[in-house]
Amino acid sequence: MRTDVLGVGFDDVTMDEALRRAEALMAAPGADYVVTPNPEIVMICREDPAVRAAVEGASMVLPDGIGVIYGAKILGRPLREKVPGADFAEKLMERMAKKGLGVYLLGAKPGVAELAGEKLAAKYPGLRIAGTHDGYFQEDGPVVDAINATKPALLLVCLGAPKQEKWMAKNRDRLAVPLMAGLGGSLDVYAGVVQRAPAAWQRLNLEWLYRLLKQPSRLGRMMKLPEFLLCVIGQRISGK
Ligand code: UDP
């Protein structure tokens, strides 16, 4: 059973459990997908039923950031740990490299996915970069065909939220890929175009502040975080 945080059900898994489940999904038939919602996406799910359905249709819903962890704790149903999407996918690719499996990188500005692929292949020898495509295309059909032709074991869908969640839900039936993961700006991180917060900031759960300082234009989007916390506190007080 999933842990409800303002109407979005999260899987209470540790990083290691999430990786083991992902490997099992990759080995099983059917196109499964993983989503990694943060408070901003939880708030979007409350307003947009199509996004909520896409998130609910995922085979794993991982708590991406500290906001969701705090929210769950305030609501009295704590989740064990945050499982950041970019870390999860990187650790999964590390395991895939040992088996010689392939990953297709979809998303980000032209050139970024290729660069991410080069860096990942150098870091994890044995990992097959099945293919890459930027995230600024008009029609899904040719992109789906290109992905299917390369037979990857994993597809990283990095189109930003909630576009990537809707894309995976819409296209899963025609994708011959056992597992997909919606990962926002992760390709920018793997390519080195965007830097993750230093480890000390991550340990202090201040990654969101680092991102805000580096990209002040995110302030508008981040205003969803106080709104999320107010809703959580309101729900806790009303006991609903
Ligand atoms: N993006 C894309 N296609 C689009 C819109 C966005 O490929 O139509 C990419 C964008 O270039 C960036 C990522 O999606 O690489 C979104 O990054 P952001 O940091 O905003 O995502 P978050 O992790 O916060 O969801």
Side-chain angles (χ1 to χ4, degrees), residues 8 10 33-48 50-52 54-55 58 60-69 82-90 92 103-120 131-144 146-147 155-171 175 180-197 201-202 205-228:
V8 174
F10 284 86
Y33 62 91
V34 179
V35 295
T36 61
N38 58 17
E40 186 188 343
I41 306 172
V42 172
M43 296 311 282
I44 293 173
C45 284
R46 287 167 73 83
E47 291 153 17
D48 188 336
V51 178
R52 177 194 287 250
V55 167
M60 242 196 315
V61 183
L62 302 175
D64 184 60
I66 196 63
V68 173
I69 299 293
K82 65 175 176 185
V83 185
D87 293 342
F88 160 76
E90 192 164 346
L92 188 57
V103 60
Y104 193 105
L105 310 176
L106 172 65
K109 299 210 172 96
V112 174
E114 284 87 337
L115 188 56
E118 283 166 25
K119 297 219 167 153
L120 289 167
T132 61
H133 198 294
D134 69 75
Y136 296 84
F137 51 88
Q138 301 304 321
E139 285 178 49
D140 293 351
V143 177
V144 168
I147 295 165
L155 168 64
L156 305 191
V157 185
C158 302
L159 305 173
K163 192 173 177 180
Q164 63 206 11
E165 286 75 14
K166 286 189 187 168
W167 194 90
M168 291 189 292
K170 181 176 161 213
N171 291 298
L175 277 159
M180 298 179 259
L183 294 173
S186 298
L187 291 181
D188 297 317
V189 173
Y190 300 149
V193 175
V194 169
Q195 266 75 43
R196 283 283 297 274
W201 289 61
Q202 289 187 36
N205 292 320
L206 288 175
E207 189 158 15
W208 60 274
L209 180 61
Y210 184 86
R211 284 185 98 178
L212 182 60
L213 294 174
K214 286 277 172 187
Q215 295 169 269
S217 58
R218 296 183 79 93
L219 184 62
R221 288 173 55 181
M222 281 202 178
M223 290 317 287
K224 289 255 183 229
L225 184 60
E227 208 184 300
F228 168 85

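Atoms considered below: every heavy atom in the structure, side chains included; atoms not considered: hydrogens, waters and symmetry mates. Note that ligands are numbered from 1 as they come in the structure, with each ligand's atoms numbered from 1 the same way.
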key: Short N-O contact, R196 and E90, less than 4.0 angstrom   = no
note = for atom 18 (P) of ligand 1, nearest protein heavy atom and its distance come out as G185 N, 3.9 Å
message = For atom 24 (O) of ligand 1, what is the closest protein heavy atom, and at what distance to 0.1 Å?
response = R218 NH2, 2.7 Å
inquiry  = Starting from atom 16 (C) of ligand 1, what is the nearest protein heavy atom, named by residue and atom, and what distance separates them?
reply    = G160 CA, 3.7 Å
key: Where ligand 1 meets G184 - atom numbers and elements under 4.0 angstrom, heavy-atom basis   = 13 (C), 16 (C), 17 (O), 21 (O), 22 (P), 23 (O), 25 (O)
ask   = Between H133 and ligand 1, which part of the residue brings a heavy atom under 4.0 Å of the ligand: side chain, backbone, both or neither?
value = neither
task = Report the nearest protein non-hydrogen atom to atom 5 (C) of ligand 1: residue, atom name, distance rounded to 0.1 Å.
result = L159 O, 3.4 Å
task = For K119 and A191, indicate whether the former's side chain and the latter's backbone hold a donor-acceptor pair under 3.5 Å.
result = yes
ask   = Quick check: does any side chain N or O of N171 sit under 3.5 Å from a backbone N or O of W167, one acting as donor and the other as acceptor?
value = yes
note = Note: ligand 1 atoms sitting under 4.0 Å from heavy atoms of K163 are 4 (C), 8 (O)
key: R221, portion touching ligand 1 at heavy-atom distance under 4.0 Å   = side chain
inquiry  = List ligand 1 atoms under 4.0 Å from D188, heavy atoms only on the residue side.
reply    = 12 (C), 15 (O)
key: Mode of C158 contact toward ligand 1 - side chain, backbone, both, neither (heavy atoms, under 4.0 Å)   = backbone
task = Tell me which protein heavy atom sits closest to atom 3 (N) of ligand 1, plus the residue, atom name and distance to 0.1 Å.
result = G135 O, 2.8 Å
remark   = Of all protein heavy atoms, the one nearest atom 10 (C) of ligand 1 is Y136 OH, 3.3 Å
message = Using a 4.0 Å cut-off to any heavy atom of G107, which atoms of ligand 1 qualify?
response = 7 (O)
